[in-house]
Novice: 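Here it is: the structure, laid out below.
The basis for the numbers below is simple: all heavy atoms, side chains too, and nothing from hydrogens, waters or symmetry mates. Note on naming: letters A, B, ... go to the chains in the order of the sequence lines (proteins, then strands), and numbering restarts at 1 for each one.
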Number of protein chains: 2
Amino acid sequence: MTKDDVAGGDRNHHSPADDVETYMREGPGKRFIEPRILFLLSRGPAHGYELLGRMDEVPMPGPVPDTGAVYRRLREMEKGGLLISAWDERDSGPRRRVYSITAQGGRRLAAWVEAMRRRMQTLQSFLDLYEEKRS
Amino acid sequence: MTKDDVAGGDRNHHSPADDVETYMREGPGKRFIEPRILFLLSRGPAHGYELLGRMDEVPMPGPVPDTGAVYRRLREMEKGGLLISAWDERDSGPRRRVYSITAQGGRRLAAWVEAMRRRMQTLQSFLDLYEEKRS
DNA sequence: AATATATATATGTCAAATACATATATCATA
DNA sequence: TATGATATATGTATTTGACATATATATATT
């Protein structure tokens, strides 16, 4: 059930499903949560809620990820050795789990960056091929 | 269960999960099957098996999609009005369902192309931001 | 003649990622 | 006292596609 299978008519003109935004997104599937988190934490430790509010600082395809997905991913990344966390000591306010990136997390970020470079090249090749055809 | 949670040790040196290939892929999730099919069919009608063999002609992130995924996607795309198919008439060989792209499919391809352009720009912004930090 | 391989299309099943909804608790302000 | 911001977390449903398997035709090899 996609948003454009309202069926009937509508077969001749521009349909809502042709909207570019629909194809900018990956989902469901990768929303690039991991590289977003790694990038933000490479600039210094932060807790989940802060990261959540700063997700839009990282230029990545697709909308910013969901709250639950981010917290869950943070735990998984810690389990995988990419991050470490500690409860902060504050005498007031709800407790926060502060995350830091590990050396392994740094290498993972480097891998993501290289992947993004290659991805750009791939997309450029696709666009070249597409233009070539119609020039 | 990812291929790098073999656990124990291995925390200090380059782990197999840092391999760039792992992050070039989208999966599970979009394998860009739709734009691949649309692009190939924009050059002329073809049947599923042929498209399958020519998937690698389209530069797209990630590995070429699975057989079953392609056939299933072809049917869905036809149902959505992006393609039309007809059984070819051959006196020999297994029967083939030959697909052609529709006008709507052409518009969808255009949307994908524009999405790819924007995606490239987004990735460039990410890389710029990353370099900026470390220069 | 029997077997294997290429061509060709299709379905069954499972796991991964994550959106959406909800639950919990602290603290400040109206 | 109620509302909203801060802060973390879990329950559940959906989507996508890999992997495996099933079916059939035709050709090449033994």
Novice: Any side-chain N or O of A/Arg96 under 4.0 Å from OP1/OP2 of D/dT8?
Specialist: no

Novice: Within this structure, what is the CE-to-P distance between A/Met77 and C/dT18, rounded to whole angstrom?
Specialist: 12 Å

Novice: Taking only side-chain N and O atoms of B/Tyr49, does any of them lie within less than 4.0 angstrom of OP1 or OP2 on C/dT9?
Specialist: no

Novice: Please tabulate, one pair per line, each protein N/O and nucleotide N/O from nucleotides 19-27 of chain D that are separated by under 3.5 Å, including the distance.
Specialist:
residue : atom : partner : partner atom : Å
D/dC19  : N4   : B/Asp66 : OD2          : 3.4
D/dA26  : OP1  : B/Gly93 : N            : 3.0

Novice: Give the C-alpha distance, both sets of side-chain angles, the deciding distance and a yes or no for side chain to side chain contact (heavy atoms under 4.5 Å, CB included) between B/Arg119 and B/Thr122.
Specialist: CA-CA 5 Å; B/Arg119 183 182 283 259; B/Thr122 301; 5.6 Å; no

Novice: Whole-Å distance between C/dA10 P and B/Lys79 NZ?
Specialist: 13 Å

Novice: Holding to salt bridge (charged side-chain N to carboxylate O under 4.0 Å, His left out), I want the full list of residues that pass it with B/Arg97, two or more places apart in sequence or in another chain.
Specialist: none

Novice: Please determine, for the side chain of B/Pro65, which listed nucleotide (D/dT8, C/dT9, D/dA18) has the closest atom?
Specialist: D/dA18

Novice: For A/Leu52 and C/dC20, what is the distance between atoms CG and C1' respectively, to the nearest whole Å?
Specialist: 14 Å

Novice: Over how many whole Å does the gap from A/Tyr71 atom OH to C/dT24 atom C1' extend?
Specialist: 13 Å

Novice: With rounding to the nearest 0.5 Å, note down the distance linking CG in B/Leu51 to CZ in B/Phe39.
Specialist: 12.0 Å

Novice: Round to the nearest Å and state the distance from B/Ile37 atom CD1 to D/dG17 atom C1'.
Specialist: 12 Å

Novice: Search all heavy atoms of B/Met116 against all heavy atoms of A/Leu123 and return the closest pair with its distance.
Specialist: SD-CD2, 3.5 Å

Novice: Please report the distance, rounded to the nearest Å, between CD in B/Glu76 and P in D/dT15.
Specialist: 11 Å

Novice: Check the distance between C/dC20's P and A/Arg31's CZ and give it to me in whole angstrom.
Specialist: 9 Å

Novice: Tell me which nucleotide among C/dA10, D/dA7, D/dG17 gets nearest to the side chain of B/Arg97.
Specialist: C/dA10

Novice: Just how far is it from atom CD of B/Glu131 to atom CZ of B/Phe126, taken to the nearest 0.5 Å?
Specialist: 9.5 Å

Novice: Hey, what do you get for CG (B/Leu38) to CZ (B/Arg43), rounding to the nearest 0.5 Å?
Specialist: 13.5 Å

Novice: Could you tell me how far apart B/His47 (NE2) and C/dA10 (P) are, to the nearest whole angstrom?
Specialist: 12 Å

Novice: Go through A/Tyr99 and A/Glu78 one step at a time and tell me if the side chain to side chain contact (heavy atoms under 4.5 Å, CB included) criterion holds.
Specialist: CA-CA 8 Å; A/Tyr99 287 92; A/Glu78 181 171 24; 3.8 Å; yes

